[in-house]
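Every number for a ligand or one of its atoms is a count from 1 in the order of the listing. Note that this is a predicted model, so its numbers are computed, not measured.
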Amino acid sequence: MAAECPISIRQEIVGRCNEALQNIRQACIHADRDPAEVTLMAVTKTVPPEQVNAAVAAGIRVLGENRVQEYLSKKEDYDPDAEVQFIGHLQTNKVKQIVGNVTLIHSVDSLHLAQEISKQARIKQLVQPILLEVNIAGEASKSGVSPNALPDLLRDVLQLQELKICGLMVIPPPFTDPCTADRIFGEVNALYRKMQAIAPMDTLSMGMSGDYTAAIRHGSTMVRLGSALFGKRVYPPKP
Ligand SMILES: *Cc1c(COP(=O)(O)O)cnc(C)c1O
């Protein structure tokens with residue numbers, strides 16, 4: 001495991017984690033939901049492992065990774081009490097390094113990618129749990145399958161024996177007002193229910209630092225928080 005980080009930073013992260021857990025409980029109570037239905041994921045991009053481990057010490061048990069290389073360089077230093085999931089855009093040539101090493105891949109958005117994951121899972125003789133990523137607002141700059149194409153993708157991916165489809169993931173456009181957040185999360189919720197009629201699923205990965213309480217109101221079962229736990233991200237200069 002990694003070296004401890006300075007006590008002040010550690011305390012700050014633990015404090016933010018406790019606050020987020022408290023906010024999640026409150027949002028669940030307001031929405032008449034059981035707080036046990038909602039998992040808090042700590043999103044670790046750019047965060048040093050010793051700071052990630054402070055979040056694990058605060059009780060967070062799921063870590064979210066965006067980049068394959070960054071994950072591989074940090075994973076040995078993570079507290080083994082937490083499981084790791086993959087939330088970033090996944091290139092087919094890197095699938096091999098991820099399959100079997102993470103408990104859930106959130107970002108499957110094409111049959112081609114699903115087939116590659118299935119192929120690698122077969123080689124490793126395992127079943128890989130996945131989510132289908134939906135591009136709810138049809139943003140050209142973002143990955144994710146369009147809501148219209150989702151049912152066909154779901155039916156196709158269901159044929160792949162080595163994949164277990166657990167649910168949906170969404171990264172909505174940045175919201176400028178709470179009404180838009182409610183409308184979009186409501187649309188995702190309706191889509192999720194429709195897909196549950198095609199295949200059993202229990203995971204809706206929705207909500208980030210700026211909007212997670214709204215996401216919980218609309219049925220999210222996993223919120224992915226980065227800056228709310230670790231502070232503003234500082235990206236290293238591009239190599
Ligand atoms: C970075 C990231 C997050 C967390 O974003 P914050 O706004 O810092 O909470 C969540 N999900 C995905 C897919 C991300 O890339």
S.K.: Would you mind running through ligand 1 and noting each atom that sits below 4.0 Å from a heavy atom of Gly226?
M.R.: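 Checking each atom against Gly226, I get 4 (C), 6 (P), 8 (O), 9 (O).
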S.K.: Hey, which atoms in ligand 1 end up nearer than 4.0 Å to a heavy atom of Ile171?
M.R.: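 Every atom of ligand 1 under 4.0 Å from some heavy atom of Ile171: 13 (C).
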S.K.: What atoms of ligand 1 come closer than 4.0 angstrom to any heavy atom of Asn66?
M.R.: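 Atoms satisfying the 4.0 Å criterion: 14 (C), 15 (O).
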S.K.: Have Tyr78 and Glu83 got a donor and an acceptor in their side chains that come within less than 3.5 Å?
M.R.: no
S.K.: Where the side chain of Arg61 meets the backbone of Val56, is there a donor-acceptor pair that is under 3.5 Å apart?
M.R.: yes
S.K.: Hey, does Arg233 sit under 4.0 Å from ligand 1 if you only count heavy atoms?
M.R.: yes
S.K.: Suppose we measure from atom 10 (C) of ligand 1 to each protein heavy atom; which comes out shortest, and what is that distance?
M.R.: Met208 SD, 3.1 Å
S.K.: For residues 157-177, which residue pairs qualify under salt bridge (charged side-chain N to carboxylate O under 4.0 Å, His left out), counting only residues two or more places apart or in two chains?
M.R.: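 Sorted result for residues 157-177: Arg122-Glu162.
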S.K.: In the protein, what heavy atom is nearest to atom 6 (P) of ligand 1, and what distance, to one decimal place, separates them?
M.R.: Ser209 OG, 3.5 Å
S.K.: Which heavy atom of the protein is the closest neighbour of atom 12 (C) of ligand 1, given with residue, atom name and distance?
M.R.: Ile87 CD1, 3.7 Å
S.K.: Which ligand 1 atoms are under 4.0 Å away from a heavy-atom of Leu225?
M.R.: 9 (O)
S.K.: Output the list of atoms in ligand 1 that are nearer than 4.0 Å to some heavy atom of Lys45, sorted by atom number.
M.R.: 1 (C), 2 (C), 3 (C), 14 (C), 15 (O)
S.K.: Could you walk me through whether Arg25 and Gln22 pass the side-chain hydrogen bond (donor to acceptor under 3.5 Å, both in side chains) check?
M.R.: CA-CA 5 Å; Arg25 269 193 295 275; Gln22 181 62 27; 3.0 Å; yes
S.K.: Tell me whether Arg155 is salt-bridged to Asp152, with the criterion being a basic N under 4.0 Å from an acidic carboxylate O.
M.R.: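 A salt bridge is present here (some side-chain N lies under 4.0 Å from a carboxylate O).
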S.K.: Looking only at atom types and distance, does a side-chain atom of Lys74 sit under 3.5 Å from a main-chain N or O of Lys45, one as donor and one as acceptor?
M.R.: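 Such a contact is absent between Lys74 side chain and Lys45 backbone.
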S.K.: Could you pull out all donor-acceptor pairs under 3.5 Å where a side-chain atom in residues 207-220 meets a protein atom, sequence neighbours excluded?
M.R.:
residue : atom : partner : partner atom : Å
Ser209  : OG   : Ser227  : OG           : 3.4
Ser209  : OG   : Ala228  : N            : 2.9
Asp211  : OD1  : Met208  : N            : 2.7
Tyr212  : OH   : Asn23   : ND2          : 2.9
Arg217  : NH2  : Asp182  : OD1          : 3.4
Arg217  : NH2  : Asp182  : OD2          : 3.3
His218  : NE2  : Asp182  : O            : 3.4
His218  : NE2  : Asp182  : OD1          : 2.6
Ser220  : OG   : Leu204  : O            : 3.4
Ser220  : OG   : Met206  : O            : 2.7
Ser220  : OG   : Met222  : N            : 3.3
Ser220  : OG   : Met222  : O            : 3.1

S.K.: Tell me: protein heavy atom nearest atom 11 (N) of ligand 1, and distance?
M.R.: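 Scanning the protein heavy atoms, the shortest distance from atom 11 (N) of ligand 1 goes to Arg224 NE, 2.9 Å.
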